[in-house]
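Here the structure is laid out as structure tokens; the discussion comes afterwards.
Side-chain atoms are counted along with the backbone in the values below, which use heavy atoms only and exclude waters and symmetry mates. Keep in mind the model is a prediction, meaning the values are calculated, not measured. Every number for a ligand or one of its atoms is a count from 1 in the order of the listing.
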Amino acid sequence: MPYLHGPPGLQAHPVPQNARTTHSSGQSFEQLRQGSLQTGSLFEDVDFPANNTSLFYSERSQVPFEWKRPGFWQHSEWLDVVIDDRLPTFRGRLVFLHSADHTEFWSALLEKAYAKLNGSYEALKGGSTLEAMEDFTGGVAETFLTREAPQDFYTILGKALKRGSLLGCSMDIRNAAESEARTPFGLIKGHAYTITGLDQVDFRGQKIELIRVRNPWGQVEWNGPWSDSSPEWQSVGLADQKRLCHAALDDGEFWMAFQDFRAHFDKVEVCNLSPDALQEDALHRWEVAVHQGSWVRGSTAGGCRNFLDTFWTNPQIKLSLTEKDEGQEECTLLVALMQKDRRKLKRFGADMLTIGYAIYQSPGNDEHLDKDFFRYHASLARSKTFINLREVSDRFRLPPGEYILVPSTFEPHQEADFCLRIFSEKKAISRDLDGTVDINLPEPSQPKPPEQETEEEQQFRALFQRIAGEDMEVTAEELEYVLNAVLQKRKDLKFKKLSLISCRNIISLMDTSGNGKLEFSEFLVFWDRLKQWINLFIQFDVDKSGTMSSYELRTALRAAGFQLSSRLLQLIILRYADEGLQLDLDDFLNCLVRLENASRVFQALRMKNKDFIHLNINEFINLTMNI
Ligand code: CA
Ligand code: CA
Ligand code: CA
């Protein structure tokens, strides 16, 4: 088993038992290994073959790479991404990442697993160490610039260490020549250090905050105040010295005053681990809530608040913070928004989208907030930037209360799946406001007996007689003829043609007598309904384009009594809208009739006060014929 030269915590965190199998054979690592052992052959990975398709997706190889198996063969049992042990080499040397020690291959094998996860080695270019850290641990990364760090930075780092987080720090370089240059204080520029401890000592009647840093080389240490053999230690009590395990070993690990640390190091990176990655019970854990979702063009890809017309259509997550942090008045929150699988899509030309999020005070109900809410309310907090990174994460302190979190891309109509993770010090309750369906239809109006007919209705009866013909019933064919004739004359609406099928659906909705035709009283109710539907269309076609955009549709549907889940809205757009995300009147009528039919049937069939119906296959198919 290869070891990682990282903080001790890293080796103690094996992948959870339920790691998802990613190999195309559907076999787990154990099964694949068993197969190799039984046949006595070395594993060849068909999913990530030893040829150029695994190295590049756009670049051509300049030299012929030869894929070699290292003589020291180990499998990384650490990740359940199965790779074979063929590594790209040129003239006997590894082409990509390699360890200083040429017989050590774990880093190269690990990188290969990571490359496979992302499709190819080229896809890794431009990725950050933090991304890799997150992928290996499932954690959430945060970057602090020491110069701009919050007042309670020392406390934040202390809590991070107690939670078993992985902490790294570094000094910036201004040019390539500075890389790995040694400062007079023995620190290496551009080099990744790890933070391994934090403590305080009594020093000449003062409390001094100290931090322990480790150089992963295992040598070359800080030589300023509080370094291994610095005179400060002589003024510290033996108990403190013992507790801090102060021994002047040249092992790469050293203490410094926190003040000096902030002056010398530029950046601190923290990888916050989720509770399932931590096995030691003694560690303080974050409470974590995870929401998966997607931005879909035409329904949930609303863009940022600059785009007021569409912003409200983004997914919305309600967050209830009830418990304050230990001994504090507020609640600490880490919100991390990640776009999924973009690195893999790079092969197909997809770049990272610009993403971010905003947090609003909840008005206290569980409804998806509409455009007016965002017009009149400013956000309480936001991600620091909208940025084209795989993940945006920020830390907040908010008073207990209810909040709405809106994750979005910067521009509207950009599609991606996302994962939103909320880390909180105390348990927080969060729920997706887009998963619920709530339908509130008007009571179906009852046909009136003939003696109460107004004069207008009597005129209408004459019209009906012309449409219905001798049998005094309107069939689907007759309805198709009359609706197309009437609606095509309207200049304020775009209308193509209502199909026979649509007319059958309308009849199915309005036919209370069950004979598949509309008699006068049924037709009267229908005509009234049609007027309402057309009014709805005109009212919510806000830009007067004569068509209904997917966003206009969402408000129109809500006004008609349909509060739908984002998934359902996505389906409706796919089914009824054209490429420009617009619905003509006929699409709109089709959509409303179908929704109303389905809802009425459901209401008729459901058990008392129950939110479900029970159907066998025969009943189900019968139903789909009618809807
Ligand atoms: Ca040391
Ligand atoms: Ca009828
Ligand atoms: Ca419109």
Side-chain angles (χ1 to χ4, degrees), residues 294-316 367-376 406 408-415 434 437 439-442 483-499 502 505-506 527-597 599:
S294 32
W295 295 296
V296 176
R297 205 170 152 263
S299 55
T300 52
C304 72
R305 173 60 183 78
N306 296 3
F307 306 89
L308 178 66
D309 279 342
T310 52
F311 178 67
W312 66 280
T313 63
N314 280 302
Q316 299 177 6
E367 273 172 32
H368 186 98
L369 300 177
D370 61 12
K371 186 160 125 187
D372 273 346
F373 176 87
F374 297 105
R375 189 199 302 275
Y376 300 116
V406 187
S408 76
T409 54
F410 185 81
E411 300 271 348
H413 314 305
Q414 293 190 314
E415 298 201 321
D434 305 291
V437 175
I439 294 175
N440 259 311
L441 292 178
L483 287 184
N484 282 313
V486 171
L487 293 175
Q488 255 152 13
K489 289 204 185 99
R490 303 224 24 172
K491 291 276 178 286
D492 51 346
L493 310 165
K494 288 225 172 81
F495 178 84
K496 287 185 297 244
K497 184 183 185 304
L498 217 51
S499 69
S502 315
N505 287 337
I506 291 176
W527 206 254
D528 217 47
R529 235 29 217 107
L530 182 66
K531 272 194 266 176
Q532 291 169 18
W533 290 331
I534 292 176
N535 285 341
L536 205 62
F537 190 90
I538 291 173
Q539 184 190 347
F540 288 96
D541 172 20
V542 179
D543 62 356
K544 302 295 164 221
S545 61
T547 57
M548 188 146 284
S549 74
S550 55
Y551 302 102
E552 290 167 340
L553 178 73
R554 191 161 169 176
T555 20
L557 286 179
R558 199 188 277 193
F562 298 102
Q563 159 104 28
L564 304 178
S565 66
S566 351
R567 182 78 196 115
L568 248 175
L569 286 164
Q570 285 163 21
L571 279 178
I572 287 175
I573 299 307
L574 276 179
R575 190 173 185 122
Y576 295 104
D578 63 14
E579 283 176 352
L581 300 174
Q582 303 290 326
L583 284 83
D584 291 347
L585 177 67
D586 44 326
D587 301 314
F588 176 74
L589 289 179
N590 256 313
C591 167
L592 272 188
V593 167
R594 197 180 174 88
L595 274 174
E596 191 164 333
N597 240 333
S599 313

Exercise. Is the distance between the ring centroids of His368 and Phe373 less than 6.0 Å?
Worked result: no
Seminar exercise, completed: Sequence neighbours excluded, the answer for ring pair (Phe, Tyr, Trp, His ring centres under 6.0 Å) partners of Phe374 is Phe311, Tyr360
Problem set entry | Short side-chain donor-acceptor distance under 3.5 Å, Asp584 and Thr547 | no
Exercise. Do NZ/NE/NH1/NH2 and the carboxylate oxygens of Lys497 and Asp586 come within less than 4.0 Å?
Worked result: no
For this session: Could you grab the angle centred on the Ca ion (ligand 3), going from OD1 in Asp543 to OD1 in Asp541, to 10°?
Result: 80°
Problem set entry | Contact flag Met548/the Ca ion (ligand 3), N/O/S atoms, threshold under 3.0 Å | no
For this session: Could you grab the angle centred on the Ca ion (ligand 3), going from O in Thr547 to OE1 in Glu552, to 10°?
Result: 90°
